[in-house]
Amino acid sequence: MTSTSVFIPAPATPYQGDIARYWDGEARPVNLRLGDVDGLYHHHYGIGAVDHATLGDADDSSYESRLIAELHRLESAQAALLLDHLGPIERDATLVDAGCGRGGSMVMAHQRFGCTVEGVTLSAKQADFANQRARELGMDDHVRARVCDMLGMPFETGQAAASWNNESSMYVDLHDLFAEHARVLAAGGRYVTITGCWNPRYGQPSKWVSQINAHFECNIHSRREYLRAMADNRLVPQAVIDLTSATLPYWELRATSSLVTGIEEAFINSYKDGSFQYLLIAADRV
Ligand SMILES: C[S@@+](CC[C@H](N)C(=O)[O-])C[C@H]1O[C@@H](n2cnc3c(N)ncnc32)[C@H](O)[C@@H]1O
Ligand SMILES: CC(C)=CCC/C(C)=C/COP(=O)(O)OP(=O)(O)O
Ligand SMILES: [Mg+2]
């Protein structure tokens, strides 16, 4: 499969047009400079402990580049954890990355499983970027991004052995999303999401959650909505992992860097006051 140009359908809704424009115009150093570390470009956050020994002394002239490499290592660890939960994947399988961004997770999935990985994003810039990276890496016969709504993906019913949303489910209605995953997944296939969700135990979305929504033009769902929409769409949770404590070191390190974007405080405060959770859910398509 080769991809030299990207077909751009009209957005399904005005909101999706806004989101396409948002990601077409996105070029934050916190994403591009991290991606430049090894060519894996992510638009998600990190997990795991900070390696302070490698990070070294903040007074060293090379500290900032080590900090960037460390943030990137934690973001790649997040994608690796998502892939761990896909289960065994054969080389002839097709995986679907719904909301694939610049394609970092797709590249990692192909490198791990040797299989075909199909991604969709609303942003033509992101799809071009992901396809260019796949060409540069010589994997464009297996890795492809398309401009497409994840609520109506151009894949056959039952085509995918596994599918995922990595920090992309807060842009869509969850019942519509999971109905579409349940359609494209083979029976017995695996769905995984890593997401930020508001915690029903807190009551309603906190001011920090509202601030994150405004910052990214998204609509964060509650944990309860995820589980209910999965149950309604033949997706049975196999693992629900609270990654909140695992992501806090990433945010606290990021807040000290020159690459801050201003949203760090909202993530740190909402994770700490319990109003927001960073969650991995892996589900079987039954
Ligand atoms: C925060 S980025 C995550 C990118 C990627 N999953 C990653 O981990 O690097 C959100 C992505 O969701 C995509 N997205 C949002 N709504 C979408 C929709 N309705 N259909 C397809 N992609 C969508 C955006 O285009 C963007 O690529
Ligand atoms: C967990 C939640 C609520 C995520 C919202 C979706 C989102 C914008 C993710 C990160 O993208 P990014 O990597 O482009 O953001 P940043 O520039 O802040 O690193
Ligand atoms: Mg980022």
Side-chain angles (χ1 to χ4, degrees), residues 1-36 40-45 75 79 82 95-107 109 117-136 140 143-155 160 163-181 183-184 191 193-197 209-221 225 229 261-263 266:
M1 141 198 4
T2 54
S3 173
T4 48
S5 66
V6 175
F7 170 69
I8 306 174
T13 59
Y15 172 75
Q16 288 195 5
D18 290 342
I19 299 308
R21 274 187 293 279
Y22 177 95
W23 290 108
D24 279 346
E26 189 280 335
R28 289 184 285 276
V30 73
N31 298 313
L32 297 177
R33 289 192 57 196
L34 268 61
D36 290 343
L40 289 171
Y41 291 84
H42 300 306
H43 286 282
H44 58 249
Y45 301 122
E75 291 189 1
L82 188 155
L95 304 181
V96 170
D97 183 347
C100 63
R102 285 188 157 96
S105 303
M106 289 202 289
V107 169
V117 191
E118 299 274 4
V120 299
T121 169
L122 292 178
S123 160
K125 288 268 172 57
Q126 287 189 328
D128 279 340
F129 190 101
N131 289 328
Q132 176 66 25
R133 278 305 293 138
R135 273 194 295 279
E136 287 162 2
D140 51 313
V143 172
R144 169 169 60 172
R146 281 185 252 197
V147 182
C148 172
D149 179 7
M150 63 172 105
L151 302 181
M153 296 188 278
F155 309 126
S163 63
W164 69 85
N165 285 98
N166 197 350
E167 296 189 23
S168 53
S169 50
M170 57 289 292
Y171 294 94
V172 288
D173 177 274
L174 290 183
H175 277 86
D176 295 345
L177 178 66
F178 294 149
E180 182 61 353
H181 279 284
R183 185 189 69 77
V184 302
Y191 171 76
T193 184
I194 296 183
T195 188
C197 57
V209 170
S210 300
Q211 198 174 314
I212 296 168
N213 277 335
H215 184 85
F216 291 115
E217 301 178 36
C218 66
N219 292 291
I220 291 164
H221 306 288
E225 283 176 79
T261 62
I263 200 60

Within the distance-only criterion (no hydrogens, no angle test), does the side chain of Asn213 pair as donor or acceptor with the backbone N or O of Ile220 below 3.5 angstrom?
-> yes
Report the relative orientation of the aromatic rings in Tyr45 and Phe216; use parallel for angles under 30°, tilted for 30 to 60°, perpendicular for over 60°.
-> tilted
If you measure from the Lys or Arg side-chain nitrogens to the Asp or Glu carboxylate oxygens, is any gap between Asp18 and Arg21 under 4.0 Å?
-> yes
Arg102-His43 side chain donor-acceptor pair, cut-off 3.5 Å | yes
Value rounded to 0.5 Å, distance of CG in Asp128 from CD1 in Ile8 | 7.0 Å
Is His221 reaching over with its side chain to a backbone N or O of Asp173, donor-acceptor style, under 3.5 angstrom?
-> no
Contact summary for Glu180 and Met153, nearest pair of heavy atoms = OE2-N, 2.6 Å
Measure the shortest side-chain to side-chain distance between Asp149 and Gln16 over non-hydrogen atoms and say whether it is less than 4.5 angstrom.
-> yes
Atom pair CE/CD1 of Met170 and Ile212 - distance to nearest 0.5 Å = 9.5 Å
Does Trp23 reach the side chain of Thr121, with side-chain heavy atoms less than 4.5 Å apart?
-> no
Taking atom types as modelled and ignoring hydrogens, do the side chains of Asp97 and Ser105 form a donor-acceptor contact shorter than 3.5 angstrom?
-> no
Does Gln132 reach the main-chain N or O of Ala134 with its side chain, forming a donor-acceptor pair under 3.5 Å?
-> no
